[in-house]
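Here is the structure we will look at.
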Amino acid sequence: MNDLIPPHTRGESVFVDDIPEPNNMLQVAVFVSDIPHGKIKSLDISKAEKGKGVIRVITAKDIPGENQLGRIIQDEELLAKEKVDFIGQPIAVIYAETKEQANKARNLITIEYEELQAIFDPREAAKKGSLIAPSRTFTLGDVDSIWDSCETIVEGRADSGGQEHVYMETQGSLAIPREEGRVLLYSSTQNPSTVQSTVASILGFDMNKIEVDVTRLGGGFGGKEDQATAWAAFCALGVFYTGRPVKLVLDRNEDITITGKRHPYSTDYKLGLNEEGKILAFSADCYQNSGAAADLSTAVLGRTLFHLTNAYFIPNVQVTAYPCRTNLVPYTAFRGFGAPQGMYVIECALSHAADESGIPISVLQKKNLLVDGDQFPYGMHVENAHAKRSFSKVVEDSEYEKLMTEKEEFNAKSKFMKKGISVMPICFGISFTSIFMNQAGALVNVYYDGSVNVSTGSVEMGQGVNMKIKTIAARSLSIDPKRIRVESTNTSRVINTSPSSASSGADLNGKATEFACLKIIERLKDLVREKLGKGTVSLEDETVYLDGVKTELVWEKLIWLAYTNRVNLAAQALYATPGIHFDNEKEKGKPFAYHVFGSAVTEVSVDCLRGTYTIDKVHVVHDAGRSLNYLIDLGQVEGGLVQGIGWMTLEELQYIDGKLISDALATYKVPDVHFAPEIKTTFLEDTENPHAVLQSKGIGEPPFMYGIGAYFALKDAAQAFRADKEWEYIAPLTPERLLLFLHDLE
Ligand code: MOS
């Protein structure tokens, strides 16, 4: 009976902290900076070294290899040596017999700083020339020659806040010593090869001395794409110095305080329309708060630029983005990877233009949706655009016109309760924008009893990629999925993996799995022809057909025959997305294999006396291609949507002098089931996608951006109460912020 219920739903899944602890294991405490910027004048670890149960304390000078975490740009020390750049930056690591002893010893470390001036605001950083990398600009047409012919021009500023990932499983790792100094790392990472290669370089090892194994994560959301490495490195360093197993799992408060988050942005925009509401020109300057080190900021910045025009065709575009170095924790990947921040800006500009021109925003949106052949500012032309289709369908399914009439009637009668409605179209490009990362490997092994195990580079983090891989393998081998086990992600079995991110885990690794399965099928077919005579061999439902005639050979017999005839029953394959390219000099190319489209209608109610609100209902029409698994894709839509609503409404990172004060789940509010709206999701039908495995589409990130609709529905409701007041485009729109708009409280 238990077979029908996945172990995960029974609470039997094994996360890093659930792995049975080896004998003799050490625990770790990390000593971090408590000032945002300064020189280290003195650091004294001698008392900590003598602490009870302490085996070793290390600082920057103890790192045998490179003291470097930075990947794209090498600007982030693993342990601060002479200078600290943010609160929470690791400075020393304590290894002790128990966690309590390690934590106690941490309090015995003393440090003196010479404090330096800190910058927290990205605009101030840009003014002072404090950039992580040069700015980037995307251009289409010529905005400057167009402004004069616009009927309506709006200019303004749009700010969006950061976001904490709040994965259920905090960051962590367990390191086990192996023979000849090698290290096995269990790591809660989306990116096993990065953990492997970075830890190797920190230890001064070749990559083949480090093995990383990942069974599953309790959530990642981008937070473990680049920032799982430090914890694994601290554990590996512990093995290096003590020869004992070492575990470090951050507690929630530590995790919130010292790990990266979604990038906050502040943007100046300008949008021009003709009198019918066609967008003629759009320009923007985006200031990304990158934090104190590059991490993935430059890649995130690129994706912001790629998505600033969302699902709209705009003939004249000039958009620039600045990665601004500040003294905050290095911001990192988070579901959508900069695209939500970009889409929020164009929606702010459209909302502003609607207020200015008197043309309803939904009319402006609809008039400007992408159609096949339209060009993006980065040169690519859109194919199979389902922008108009999803928009029309969601308007129809939600009975938008009727909702609008009812809303008007309700708001006319109700003094303090107001309703608001919005439509939010999305268009999201699928592929890593670093072209070389669009590759994945798979290893398929068929045992001689006919059971199969599949290893790929993708990491299961609750998004259901393992189920999709299993489905793909079952279809490719024409066997029952029950025969297939998807293995842990292991750097010794599948090498040089790209992270499970960019909504492309199933796309890339699924295709590699399909390729590897087909190699085995080809060998089996050759064997059948050799044994049964020439003809067309096919496999269906675990049975071999020769020239369409059913044979005696069923899967188990076939595999035994293959084994006894010494046929290779293991196959490895690489998939590399074809046809994509990008010229970073010209900022033009075809960076995406395809785009995902969809639209959402959001209904909200605001209590205008108190500023409190409910997100009542969201209708989603989403393009999932031919879904590999309906329930998984539905879960991704619903989870992404609610996480997006959280980013736009409740979730606020509050800092005082660079110190995060919303540093616990008591003060950092995430949506819960009571806050979540009623969600009605429809997948578009007949939307085959030749550019991904079995006609499917990536789904991890795009639905997040439906959540932006909640912001504009709330604005709609609030303006029904205060039509007289100018709107400031600042997110998150917490109840407190909304209250200050509704009433002139000062
Ligand atoms: Mo995801 S934000 O591409 O890890």
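Start at 1 and go down the list; that is how both ligands and their atoms are numbered. Small disclaimer: the values here were computed from a predicted structure and weren't measured.
Aromatic ring centroids of Phe683 and Tyr630 lie under 6.0 Å apart.
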Checking side chain to side chain contact (heavy atoms under 4.5 Å, CB included) for the pair Tyr331/Leu296: CA distance, chi angles, key distance, verdict? CA-CA 8 Å; Tyr331 290 98; Leu296 294 165; over 6 Å; no
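Within a 6.0 Å radius of CD in Glu66, other residues, nucleotides and ligands contribute 12 heavy atoms or fewer. Around CE of Met467, the count of heavy atoms belonging to other residues, nucleotides or ligands within 6.0 Å does not exceed 12.
Nearest approach of Ile580 to Ile435, heavy atoms of both residues: O-CG2, 3.8 Å.
Near Phe337, meaning under 4.0 Å from one of its heavy atoms, ligand 1 places the atoms 2 (S), 3 (O). Against a heavy-atom cut-off of under 4.0 Å, Ala502 is close to the following atoms of ligand 1: 1 (Mo), 3 (O). Counting atoms of ligand 1 from 1 in the listed order, those under 4.0 Å from a heavy atom of Ser501 are 1 (Mo), 3 (O), 4 (O). Each of the following atoms of ligand 1 lies closer than 4.0 Å to a heavy atom of Phe334: 2 (S).
Ligand 1 has an N or O atom lying under 3.5 Å from an N or O atom of Gln190, backbone or side chain. Of the polar atoms of Glu225, at least one N or O is found under 3.5 Å from an N or O of ligand 1, judged by distance alone.
At a 4.0 Å heavy-atom cut-off, ligand 1 touches Arg335 through the backbone alone.
Taking 4.0 Å as the cut-off, Lys224 does not count as a neighbour of ligand 1 on heavy-atom distance.
Using a 4.5 Å heavy-atom threshold, the side chains of Leu78 and Ile202 count as touching.
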